[in-house]
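Each chain gets a letter, A, B and so on, in the order the sequences are listed, and its residues count up from 1. The shown structure was predicted, so the numbers you read here are calculated from the model rather than taken from an experiment.
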Amino acid sequence: MISFRTLLLGDGTANRVVPPSGFTAALTVVSSAAMAFLAVFAIALGLAASELATRWENELSGTATVRIPASGGEEMVQTEAVLTALRQTPGIAAVRVIEDHEQIALLAPWFGEGVPLDKLRLPTLIEVTETEIGPELDGLRLRLSAEAPGAVYDTHSRWRIPLVEAASRLRFLGVLSLCLIATVTAVTVALAAAASLAANGQVIDVLRLIGARDSWIAAAFTRRFTIRAFLGALGGVVLAMVTVAAIPGGVEAGVLSGLGFDGVEWLLPLLVPVLAAGLAFAATWVAARRRLSGVE
Amino acid sequence: MIELDSVKMSFGDRTLFQDVTLLLPEGSFHFLTGPSGAGKTTLLRLCSLQLRANHGRVRLLGQDTRGLDRDAIASFRRRIGVVHQDSRFVDHLTVAENVTLPLAVSGRSSDDPGDLSELMGWVGLGGVADRYPPELSGGERQRAALARAVILSPEIVLADEPTGNVDWEMSLKLLDLLIELNRLGKTVLCATHDLNLIRQAKSRIPARVLRIRDQGVSAGAEL
């Protein structure tokens, strides 16, 4: 059996047995580069989606808003009653009435600056911070409706859960994309290797005739295709990393603001050439052994 | 050394030969002759383990070759040098690299340039070592193939019409090389149509002739 070291490094003649050029070489390098480029973006997408899902989950879970509708002068009394009820309820850590200037800031995107709050019949909003366990919601809602008819205890779940689910699906999409990219890479390299093996039938016949073992021949082809896939993928990764780094960040960038890498995350794309080489190694090895089984 | 015992070889409905029993002793020189299509190449391919007999047993170098796995066949082939009429090479490697290829595939060193140049000189190819196979003439190709076949010092040399594509002068040179190998103790089996070549050899060494005819092989055939 051929040693792993020989398989990776080969020797002078073995490295030259496989013709150095041809369309299969270009196909392997270009397809590996393209797939690696896409893989880096899939990783970035997956990371961004993951971060988004975590952020939404963390920032919005454990909080709620109580909305007390304007009711012609009874708001103050009802608000005090609700605040008292909330403070007495187990599972609630803190409550706070949202101030007028905060409401103005919330409405500014729709109505502009300087909204005349005194002329609008706006509900009173209370921000609630829940403990880790949280309150018993059915009982709390019943009590609030008794203290302030029309008061709503909103856990944000109506829009928070779909958002978190969407982010999770986006993350799944990133993983699925990586799997598809890996599959396409493996198939492309396997096809290129099979084409190369078929085109070099004479070389294989000669090698078998002079006593080359299947593992030696397979290793010669596998080594060549593994190196090509690695170098192609490395080029694709470098290009993709430069592109990702050039994507503008910040709020102005909108949905693209989270697409990128932070700190050690920049090391993740460097795994792509290694994985591409591994895939090429396995695909070429299988293709070579299959081809050789038909040669005496 | 080479022993065929009740060997039958057929392709589909066509039987090339059957019940062939032969014994080629170590250090012998045999010619294999017969009409085109009689099965000379097939017999040589059986002896180089490129084909497996439908029936019977092929023993090489004292070992039954039935049931050998692919790695064992590869190991056997390093002990058998083969020269074909249309010897094939790895065209993008130089002649020297092609000749030393058996060393590379068997994991042996080919670092000693003295050995290689001596071998290339022996086959008369000293000046073409750095050229590529497509640049060689027919005779040069055959001599390069012979050099490649013997670089591992095999015990058996099989030559399939080695003089088929070369002129008489070159045929004699190739015969000289085969005879020299035989004198070094190699067992030589050479398939050829060329009766003049056989007569030339028989005048110099005790070569024997095997003739394939009527699905059989007769030993000691008259020319």
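Because its NZ or CZ atom is not both nearer than 6.0 Å to the ring centre of Phe11(B) and within 45° of the ring axis, Arg14(B) does not count as a cation-pi partner of that residue. Phe221(A) does not carry Arg291(A) over the face of its six-membered ring by the limits of under 6.0 Å from the centre and within 45° of the normal.
Proximity to chain A (any heavy atom under 4.5 Å) is shown, for Ile80(B), by neither the backbone nor the side chain. Neither the backbone nor the side chain of Asn98(B) comes within contact range of chain A; no heavy atom of the residue lies under 4.5 Å from a heavy atom of that chain. For Arg45(B), no part sits under 4.5 Å from any heavy atom of chain A, backbone or side chain. Of the two parts of Phe76(B), neither the backbone nor the side chain holds a non-hydrogen atom closer than 4.5 Å to a non-hydrogen atom of chain A.
There is a side-chain donor-acceptor pair under 3.5 Å between Ser75(B) and Arg213(A). Between the side chains of Lys40(B) and Thr192(B), not a single donor N or O lies within less than 3.5 Å of an accepting N or O. Using modelled atom types, one finds no donor on one side chain facing an acceptor on the other under 3.5 Å when comparing Thr54(A) with Glu51(A).
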*Hey, mind stepping through Thr41(B) and His84(B) against side-chain hydrogen bond (donor to acceptor under 3.5 Å, both in side chains) and telling me if it holds?*
CA-CA 9 Å; Thr41(B) 297; His84(B) 286 292; over 6 Å; no

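The residue among Leu207(A), Val206(A), Asn200(A), Val203(A) with the most heavy atom pairs within less than 4.5 Å of chain B is Val206(A). Note on Arg78(B), Gln50(B), Arg70(B): by heavy-atom pairs under 4.5 Å with chain A, the leading option is Arg70(B).
Contacts with chain A (heavy atom to heavy atom, under 4.5 Å) involve no residue of residues 54-66 of chain B.
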Side-chain donor/acceptor pairs under 3.5 Å, residues 166-176 of chain A, sequence neighbours excluded:
residue   : atom : partner   : partner atom : Å
Ser168(A) : OG   : Val164(A) : O            : 2.9
Arg171(A) : NH1  : Ser50(A)  : OG           : 3.1

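Residue pairs meeting the salt bridge (charged side-chain N to carboxylate O under 4.0 Å, His left out) criterion with at least one partner in residues 79-88 of chain B, sequence neighbours excluded, are Asp205(A)-Arg88(B), Arg79(B)-Glu155(B).
Looking at residues two or more places apart in sequence or on another chain, you find a ring-ring contact (aromatic ring centres under 6.0 Å, His included) between Phe37(A) and Phe41(A).
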